[in-house]
Structures are given as C-alpha cells and as structure tokens.
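Input: a single structure, listed below in structure tokens.
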Amino acid sequence: MKQGRIPAFRPGRLWRRLALALPLAAPVAAKAQQLPPLSTDTTKVPVLLLPDSLAVVPIVPVDSVRLAWLQTPPTVRDLVGDRMSCIETDAPHQFNNAVMAYITLFTVRKRDYTQRVLERENLYFPLFEKYLAQYHLPTDLKYLAVVESSLIPTAKSPVGATGLWQFMGPTAGDLRLRRDEWVDERMAPEKATEAACKHLRYLYGVFHDWELVLAAYNWGAGNVQRVMRRTGKKTFWDLYPNLPAETRNYVPTFTAVMYSMKYAQQHGLHSDKLAYQRAEALDTLGLRGQAFDLHRLSVACGYSDSTYLARYNPELFRAGLPAGYRPYVVRYPATARAAFGDADRATLLAFCQPLAALPQPLAALPPRLDGVEPWSRPAPLLADATAADVAPRVRRIHHKVRRGETVAGLAERFDVSPGQLRRWNELTKKQTLKPGRTVVVLVPLPAARPPMVVAAVAPPAPRAVRALPSAEDVAARQALAAANALEVARVAAVAALEQQQATRLAKVRQRQEAAQHAQARIAAVQAAALAKTTASLAGRKSAEPVALASALVETAATETLLASNEATLGGPVEVAETPTPKLRRAPAEAAARPRDTAAEVEPTPTATASYVVRRGDNLTKLAQARGVSVAQLVAWNHLDAETVEAGQHLRFGPPAGAPAKAASAHLAAVPKTHRVQPGDTLYNISRRFNVSVAVLRRLNHLTSDDVKLGQKLLVPQG
C-alpha cells in the first residue's frame with residue numbers, strides 16, 4: 001500500500017471475514033453453555049478463556065501413588081522425609097512418592113494391620129536380630145519378615161510359599177529345610193530364620209546392592225539378572241519401570257514398614273489395648289524315634305488346653321510323631337518344668353505315648369423276624385486283618401538323581417506314574433530333575449499271604465443281643481495274629497537267604513567258566529608264539545638271538561594275557577609252565593663261543609646300564625622308547641609312584657641275579673589303584689598302563705567310558 005491513499009470500504013470483504021470467524025466462535029459458545037449459571041452478585045463475572053490461552057491446564061490422569069502424594073500435606077511429607085534421612089542403616093531407606101504412599105497406608109488407612117504386627121514384634125525380632133548379627137547382615141532386614149508373612153509362622157501364600165520368610169519348596173530344599181507329611185521346617189522360626197540369612201547373604205554376594213537383593217528375594221535372582229542384561233541398568237530405581245507390579249512395590253513397602261514400626265509411637269500406633277506378646281525361655285525334649293503325642297505333653301505341663309504347645313512347635317502338621325521317625329526336638333515353656341516334679345525323661349516319654357485307638361462302633365445287626373434265620377457270616381481272618389492294619393502297604397525309597405535321568409524314566413523304572421512322582425516331590429510339569437537331587441518314591445509292597453487261620457465256629461443260635469468277646473479272647477486273638485506275623489517274616493527271610501545263595505552260586509559258576517576260557521586262550525597264544533619262533537629259526541643263520549627274542553616276546557604276551565584275565569576274573573590264574581625249547585648252535589658258532597649259560601640268560605649291557613633322567617622325560621615316554629611297560633620300570637627301579645625327576649638313575653632291565661619267575665610273579669601282582677587326574681580319560685589310562693579299555697571297565701564295574709575327577713580305579717599291573 002502506498003502512502004497518502006485511503007483504502008475504499010468494500011462490503012464484500014466484510015462478509016468474507018465474518019464467514020471465516022463463525023467456525024471459531026462455535027466452540028466458544030458451546031463452552032459458554034457448559035459453564036454454571038452466573039450468581040446474583042454482578043461483581044463475579046466468569047471469564048471465558050479461549051482454547052489457545054495459556055491459563056488452560058490440560059487434564060492429566062493421576063495414579064494412586066501420586067494422588068496419595070498430592071493429598072498429603074506438605075508439612076507431613078517434609079517431616080517424614082526428615083525422619084527417613086535420620087535413619088542410619090544399610091537397608092533400603094530411600095524416600096520418594098511411592099514410599100510416602102505406603103507410609104500413609106500403614107500409618108493412616110491400615111492402622112489396625114500395623115498394630116497387629118506390633119503385638120508380635122517382641123516375640124520374633126530378638127530371634128531375627130541374633131541370626132542377622134551372626135551372619136553380619138544389616139539388623140533392619142528383620143522388617144522383611146513383616147512384608148512376607150506379617151510375623152505369622154504358619155502363613156501360606158496362594159502359590160505355596162510358607163513360613164515367616166515365605167520360602168518356596170525348591171528354595172527350601174536348597175537351604176536344607178526338611179519337608180514331609182509330618183514336619184515342614186519352613187514354619188520353624190529358628191531354622192527358617194537361619195536359612196533366610198544364608199539366602200540373603202548369597203543374594204548380596206551376587207548383586208552387592210540391598211535394593212536389588214530385596215527385588216531378587218521376591219522375584220528371583222535369575223529374573224532380575226535377565227532384566228539387568230536386557231536394559232543395561234544397574235540399580236533398582238533405574239529398573240523400576242521394567243519390573244512387574246509386585247516386585248516394583250516390594251522395596252517401597254519394605255521401606256514404609258521399617259519407618260512405620262520405628263516411628264509407631266509418633267504416629268500413635270501403640271495402645272494399652274494391644275495384646276503384646278513377649279519371648280519366653282523355652283526348654284526342649286529330644287525324641288529319638290519314639291512315638292509322641294503333643295496333647296499328652298500339654299496335659300503333663302499342666303495346661304487345660306491340650307493344643308497349647310502347638311504354638312511353640314508350629315512346624316508340626318499333626319499333634320504328634322509316629323514311632324521310628326527321625327530325631328526331633330519338641331519345645332515347651334521352661335516354667336512348665338515344675339509340673340513334672342521328680343519324673344525323669346523316660347517317665348515323661350512313656351506318659352507322652354499316644355493312647356490306643358478308640359473302639360470302633362459295632363456293625364448293625366439284621367432285623368429279627370419270626371421263622372427266619374439270619375445269614376451266617378464267615379469267620380474273619382484275624383491274621384490277615386491284623387497284618388493289613390499293622391504292616392505298611394508301600395515302601396519309601398530315596399533315590400539320588402544321576403546325570404541324564406528324567407521323571408518319565410524314573411517312573412518307568414519304579415513302575416509308578418510320572419504324575420505320582422511329581423506329586424510326591426512337589427515338582428511342576430515343566431520342572432526337570434537336576435543331578436544330585438534326592439527324590440522320594442513310594443513303591444507298593446507285594447501282598448504277603450500269611451497262613452490262613454480259620455476258627456471252626458458253630459453257627460450261633462439266633463438271639464436278640466450278641467455278647468461282646470471277653471478280654472481273654474481278644475488277647476488270645478492278638479497273640480495268634482502276632483505269631484502268624486512272625487512266621488510270615490521268618491519265611492520271607494528264609495526265602496531272601498535262598499535267593500542270595502542262588503545268586504552267589506551263579507556268580508561262582510560264571511567265574512569258573514571264564515577261567516576255563518582264559519586257560520584256553522593262554523594255551524592258544526603260547527602255541528602260536530612257539531610256532532612263530534620255530535618258523536623264524538629255520539630261515540636264519542644265527543638262531544640263538546632270534547630264539548631269545550621270541551622267548552621274551554612269548555613271555556611278555558603271556559604276562560599281558562594273564563594280567564588281562566586276572567582283571568576279568570577278579571583273582572590270579574594258574575597257568576602251566578611251557579618249557580622253552582633248547583636251541584642247537586651251529587658247529588662254527590659253538591667253537592667260536594664258550595659254553596656259558598649265565599652269559600646267554602643275562603641281559604645286554606644296554607638294558608642293565610643306568611640311565612640318567614633328563615628334563616622332560618617321563619616313564620611312559622621312556623618305556624615306549626625301550627620297548628618295556630611302565631609297570632616293569634616301576635618294579636625294576638623300586639619306585640613308589642609313576643613320576644621321575646631330572647637326575648634320577650633308572651634301570652631298563654631286571655636286577656642282576658633276579659630269577660625270571662620272581663619277575664613274572666611281580667608283574668602278575670594284584671591290581672594297583674589309580675586316582676583320576678585332570679584331563680584323564682579311560683582310553684588315556686588304558687594306554688598309560690598298557691591294558692585294554694574293556695579290561696578296565698570289567699575290573700571297575702563301569703557301565704560306560706565316563707570317569708570323574710578324583711575317582712579311584714583298579715589297574716592291573718604289567
């Protein structure tokens with residue numbers, strides 16, 4: 001636009017501007033209709049804000065933790081933050097929004113829950129502090145049991161975690177907490193606390209951060225490590241968004257519980273109406289396989305409630321233990337010792353024996369009708385009934401899992417179903433067996449057939465009321481049943497002895513047959529060696545050196561076969577000596593050499609000469625270079641082991657004047673023991689001792705070629 005010129009008014013342009021402004025005015029009018037009606041006070045006029053105004057605050061969804069944080073007065077937040085900063089501990093105590101939300105939960109909304117925990121605080125915290133100090137752990141980790149079980153020793157979660165520290169079955173097994181149908185040591189306060197200290201110490205050795213230790217205690221060390229590897233983060237609060245909800249809230253809950261119980265007095269949680277429990281001195285009663293009834297011990301202690309002592313032994317599933325159970329210790333208050341008086345331990349255990357079972361109700365009699373005789377029932381087999389009630393129907397077998405064994409394989413081996421095997425050992429469907437674990441298998445016993453004793457009883461006369469058997473009759477029947485049971489046990493023992501004798505005789509026959517086969521093989525080898533020696537002598541000019549070498553080869557072959565057969569048969573084998581054929585010398589050679597028998601038998605100077613061991617030499621290398629065995633070098637040089645040192649003198653032949661038979665007897669000595677070293681295999685050991693792998697397997701009763709480090713093997717000498 002140029003200066004000095006006024007633009008002319010154009011009506012068409014005004015209408016176009018109004019048409020563009022109408023769409024913008026529609027949302028404003030709609031907002032105005034949604035506002036509350038104006039008050040009568042003309043000074044309070046609502047101001048309508050345009051959509052693009054900076055005063056409009058967008059509505060952002062707020063989670064429950066942030067909402068609790070926003071609803072808490074700033075003064076309370078500052079006070080709690082100051083108190084948290086004053087807590088001196090190595091346990092997690094970082095203060096943030098999540099922690100403040102749980103502090104409000106435990107001190108305001110769930111005050112009754114915190115008060116119930118405070119009632120049991122003095123009962124268990126001294127025990128926790130003792131074991132935490134023993135394992136050099138932060139004392140404030142005692143509040144972890146509050147988060148896990150609320151200090152209830154018999155607490156059990158929906159997934160199966162049990163006890164004060166909420167151990168799962170596999171974790172309890174790794175920590176040596178026993179579980180069976182009578183006792184679950186996860187609910188024993190002392191044993192479970194010590195196991196928890198061991199587990200926390202192990203987790204701290206893995207993570208070196210107590211917040212990550214608590215997260216791993218809840219979710220598992222493997223899961224936390226996988227998240228750390230995937231995200232590359234190393235602290236709990238950095239991993240906070242990547243953790244599941246339960247684990248994410250676990251550390252804030254622990255910190256809030258620790259604060260709430262430390263500052264319970266400041267929040268008014270303590271009250272005179274609370275039933276506080278205190279730890280008291282306890283006495284113990286050791287059981288060594290005796291049957292025991294906890295109700296009887298409660299009566300002996302003078303308590304009117306027969307279940308009173310159950311609170312001191314929460315790990316017992318039933319109020320007693322059967323005869324033959326493993327050693328166990330029962331706890332009771334020390335103040336109850338005065339109720340025993342002068343009774344000794346034997347008297348107390350006799351009193352605490354379970355009472356006899358109550359008599360069972362009698363079977364109903366058939367109605368009496370005139371002119372109709374009731375059906376006569378056959379006499380019961382008293383011996384069968386007693387044996388069925390007393391003798392167990394299954395036998396418990398503890399099997400140690402080996403490498404490669406599976407649940408299906410063990411189930412097929414013991415003739416049970418895989419489901420039963422998993423149920424007996426609390427295994428999930430996807431859980432596999434680890435080598436070294438001990439599993440329990442319940443094998444059904446074969447039904448014994450004791451001699452039937454049927455008493456000839458005349459049919460009773462019809463009467464309205466049947467008389468009860470007298471005490472003498474009951475005693476006689478019980479004595480008869482006991483005699484029948486003893487007879488059955490004696491017959492079973494005799495049958496077992498006969499079976500063992502038959503097995504022993506079969507093994508003896510097998511050894512005799514093997515010995516005969518070995519004799520035949522030895523004779524065949526000797527005949528072949530003699531034939532070979534004769535054939536080689538016929539085509540040579542100088543027969544004496546060849547014959548001597550052949551005789552030595554024959555002797556070595558015979559000794560090797562003897563050692564092999566001794567390892568196979570488990571004892572020495574007697575072999576008839578075959579005379580070596582005398583060799584005739586040629587006339588010229590006989591004239592040139594004097595007749596000296598000692599010179600013919602004596603080894604060459606190179607064999608008897610002393611050899612100085614050099615650096616890098618070993619018996620295997622030297623034996624292969626001289627054509628002898630390692631066992632011969634050990635025997636000739638009187639070595640205690642198969643190791644030599646540089647500068648040591650060795651002999652590669654028998655000592656002068658030693659008879660050949662004594663050397664052969666030494667080579668055929670009993671097998672020696674070899675401990676498996678790192679890198680050893682059955683093949684290397686067989687090459688080292690000049691025996692076959694099959695001989696080593698038969699001598700050591702091996703089913704495969706696998707050997708373990710430190711395992712002792714029998715190796716035949718020679």
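All values derive from a computational prediction rather than experimental measurement.
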Any side-chain heavy atom of Lys708 within less than 4.5 Å of one from Val676? no

Does Arg179 make a cation-pi contact with Phe167, if we ask for NZ or CZ under 6.0 Å from the ring centre and within 45° of the axis? no

Hey, mind stepping through Thr171 and Asp174 against side-chain hydrogen bond (donor to acceptor under 3.5 Å, both in side chains) and telling me if it holds? CA-CA 5 Å; Thr171 306; Asp174 295 340; 5.5 Å; no

Is the backbone N or O of [Y] less than 3.5 Å from a side-chain atom of [X], with the two atoms forming a donor-acceptor pair by type?
{"X": "Gln677", "Y": "Arg675", "result": "yes"}
{"X": "Gln632", "Y": "Ser629", "result": "yes"}
{"X": "Arg422", "Y": "Thr428", "result": "yes"}
{"X": "Arg402", "Y": "Pro435", "result": "no"}
{"X": "Asn684", "Y": "Asp680", "result": "no"}
{"X": "Asn425", "Y": "Leu427", "result": "no"}
{"X": "Asn700", "Y": "Leu702", "result": "no"}
{"X": "Arg345", "Y": "Gly286", "result": "yes"}

Tell me, with the steps shown, if Glu315 and Tyr328 meet side-chain hydrogen bond (donor to acceptor under 3.5 Å, both in side chains). CA-CA 11 Å; Glu315 66 272 16; Tyr328 182 76; 2.5 Å; yes

Salt bridge (Lys or Arg N to Asp or Glu O under 4.0 Å) between Arg396 and Glu181: does it pass, once the steps are laid out? CA-CA 12 Å; Arg396 182 187 298 272; Glu181 64 271 19; 2.9 Å; yes

Is the closest basic N to carboxylate O distance between Lys191 and Glu185 below 4.0 Å? yes

Please enumerate all residues that pass side-chain contact (heavy atoms from CB on, under 4.5 Å) together with Val613, with sequence neighbours excluded. Asp617, Val644, Gln648, Leu650

Ignoring hydrogens and geometry beyond distance, is a side-chain donor-acceptor pair present between Arg504 and Gln501 at under 3.5 Å? yes

State yes or no: are the ring centers of His649 and Tyr611 separated by less than 6.0 Å? no

